[in-house]
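Here is the structure we will look at, set down as structure tokens.
Here is the naming used below: chain letters follow the sequence lines, and residue numbers restart at 1 for every chain.
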Amino acid sequence: MKIATYNVNGINGRLPRLLEWLEETRPDVACLQELKTADERFPIDAIRAAGYGALWSGQKAYNGVAILARGSDPVEVRRGLPGDPTDLHSRYLEAAVEGILVASIYLPNGNPQPGPKFDYKLAWFARLHAHAAALLERSQPTVLAGDYNVVPTDRDIYNPASWLDDALLQPESREAYRTLLAQGWIDAIRTRHPDDFTIYTFWDYLRNRWARNAGLRIDHLLLSPDLGPRLVDAGVDREVRGREKASDHAPAWVVLG
DNA sequence: ATGTCGAGCAAAGCTCGA
């Protein structure tokens, strides 16, 4: 079973790219982020025509997450991260697909830092810690997939020098990611590629960063501990980033046996 | 500051968020 995560950076503007990738790689589950569209403009007809059922939580212009399942309709379990009823951003969706609980996560970027956006990022992370711990208590195979907006270590970026003030590299962001892993979650990409320090998922549009492979690893697939023995493979569909009208992220994926 | 995108608003270039 192949589960992927892909920050599409505008699902309508990049729909041909998304459909092409689905056709080429046929993931069983695809978690999408940054839909940047209201619910009523989600391109469900094109996605169904590609062979996928879908759940989505949209928002006009910003955020937005979805879960696609090949040949079936994902069963919605949760919409929105618990812990703050005043938080209206569409950043979390959870569904059951073939016995696996899958979450599509779009963690706040947090820039500029310090400031209210960074505070929101850390508060969102704290809510994720609480919910992720509750998920582990249920002992159901679970995958938390998405754009975490965290570069876990300096081994996950081409060169941290020009990003030192960025929210993605702050010690607080990294500590929050480590705290999540310490609950027992397995970072599938890093576990499968322990010594590959050029495996990235995001290349900024600015300053020719794709051509220079000046990337960051910020999209992650976290597996519940029971899925550890089922980890067969994991990777990044890097070439997708190099295409016309590409998102600034590439899809990342895991195969479970 | 740099400089690249999508999307909204509204009718073209600006603003915002990333």
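- Rounded to whole Å, the separation between the P atoms of B:dA10 and B:dC16 comes to 15 Å.
- Side-chain contact between A:Tyr158 and A:Asn213: absent, with no pair of heavy atoms (C-beta onward) separated by less than 4.5 Å.
- Here the closest heavy-atom approach between residue A:Ser104 and residue A:Leu32 is recorded as OG-O, 3.0 Å.
- At a threshold of 4.0 Å, the pair A:Glu20-A:Arg243 counts as salt-bridged, since one of the basic side-chain nitrogens sits closer than that to a carboxylate oxygen.
- Between B:dA1 and B:dG13, the two P atoms lie 26 Å apart (nearest whole Å).
- Straight-line distance between the P atoms of B:dT2 and B:dA7: roughly 25 Å, to the nearest whole Å.
- Remark: C1' of B:dT2 and CG of A:Asp166 are 15 Å apart, rounded to the nearest angstrom.
- For the atom pair CZ (A:Arg212) and CG (A:Asn208), the distance works out to 6.5 Å, reported to the nearest 0.5 Å.
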Inset, instruction - Mark up nucleotides 6-18 of chain B, 5' to 3', with B wherever a protein heavy atom is under 4.0 angstrom from a base atom, S wherever such an atom reaches only the sugar-phosphate, and - elsewhere. - result: SSSS-------BS

Less than 3.5 Å apart, which donor and acceptor atoms pair up between the side chains of residues 144-152 of chain A and the rest of the protein, not counting sequence neighbours?
| from | atom 1 | to | atom 2 | distance (Å) |
| --- | --- | --- | --- | --- |
| A:Asp147 | OD1 | A:Asn149 | N | 2.9 |
| A:Asp147 | OD2 | A:Asn7 | ND2 | 3.0 |
| A:Tyr148 | OH | A:Leu144 | O | 3.0 |
| A:Asn149 | ND2 | A:Leu107 | O | 2.8 |

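- For the pair A:Leu180 and A:Leu222, the minimum side-chain heavy-atom distance is below 4.5 Å.
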